[in-house]
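In each ligand, atom 1 is the first atom listed, and ligand 1 is the first ligand listed.
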Amino acid sequence: MSPAQTVPAKSYERLAGAALGTMCGDALGMPVEGWSADRIARRYGRLDRMLEGRLPAGSYTDDSQMMIAILRTLNAAGDLDPAALASRFVTTFEPSRGYGGRIYKVMNRLALGTSWDRAGTDSWGNGGAMRVGVLGAFYADDQERLLSAALDQCRITHTHPRGLAGAAAQALACGMACALGARGAEPDPQAFIAHLVDKIGPIDQHTTERLMAIPALPRGNEAVARELLTSEYACDVSAPEAVPPAIGAFLAADSAEQAIVLAVSLGGDTDTIGAMAGALAGSYWGLDALPAAWLNRLENQGAGRDHVLALCRRIMG
Ligand SMILES: [Mg+2]
């Protein structure tokens, strides 16, 4: 093994980057959730500032709310305990954050005592992927555990192979982004996608095909990347149409800011695609690469920005 391969991929800087990157993308996308790419561009031009939507500017939604539950579970146990996570999903459930429709049924079942591995619905929504980036950063040095933890946390709510494959792909991509960032290496898009395809193939063939459809994207050209990604993907609430464009936005970007702005500009499930691209960008470029203007604007009451940073510090302590 060369010395370069021994650099640990896991660090406070990357875990906190994944966490705050998720929150930044979530909050940036919140006001335009469900809009088309064209409508966003016509109304706001380049949407690169946090605006008020159905929640005040800088507010996060269900994506970050459930990610924080994952961080709290890691902080309490030093590992992902799915039963503990399922009960945290219930105790921190806050409908005003805007959850997907089928999650109410899952929360009710869990609250009534159904075990974590029997409460989920046969859904291929992107809910298992939207929150998982921090697990990818936490287990970045152990791909086998990363994969099993990503699947377990997904199974609590989403049990369809497409939902599971999307969560696994996003977690693996964040782990790989951490490893590349730690080595100071640029991601080679073809190799990055090939590695994901290799791991996701045994979980779900359709998702594998959708990952292989990520187009070759010129780095740093937002307009071209937006055009290519929106022609290929529905960018909706399904895992196979949301995870690949988020990965594409990361691979096409020159900076964390650009990855997140590009992801939100695709339209559709903007808060979630933004959150996933944000987790990837924060994993790769680290916490310090996230724009200060966004971090300052992020919700910071209760379980907000500083609470999340403190959780990451304790997890890594
Ligand atoms: Mg959301």
**Item:** Partners passing salt bridge (charged side-chain N to carboxylate O under 4.0 Å, His left out) against Arg210 (at least two apart in sequence or in another chain)
**Value:** Glu232, Glu241

**Fill in**
Sorted by chain and number, sequence neighbours left out, salt bridge (charged side-chain N to carboxylate O under 4.0 Å, His left out) with Arg314 holds for none

**Message:** Do Arg118 and Arg109 have side chains that approach each other closer than 4.5 Å (heavy atoms only, starting at C-beta)?
**Reply:** no

**Request:** Provide the protein N, O or S atoms situated under 2.8 Å from the Mg ion (ligand 1); waters are not included.
**Result:** Thr61 OG1, Asp62 OD1, Asp63 OD1, Asp271 OD2

**Message:** Under the criterion salt bridge (Lys or Arg N to Asp or Glu O under 4.0 Å), I'd like the reasoning laid out for Glu33 against Arg97: C-alpha separation, chi angles, the key distance, then a yes or no.
**Reply:** CA-CA 12 Å; Glu33 185 178 355; Arg97 298 282 179 189; over 6 Å; no

**Item:** Presence of salt bridge, Lys10 and Asp142, under 4.0 angstrom
**Value:** no

**Message:** Which residues pass the side chain to side chain contact (heavy atoms under 4.5 Å, CB included) test with Arg297, not counting sequence neighbours?
**Reply:** Met50, Ala57

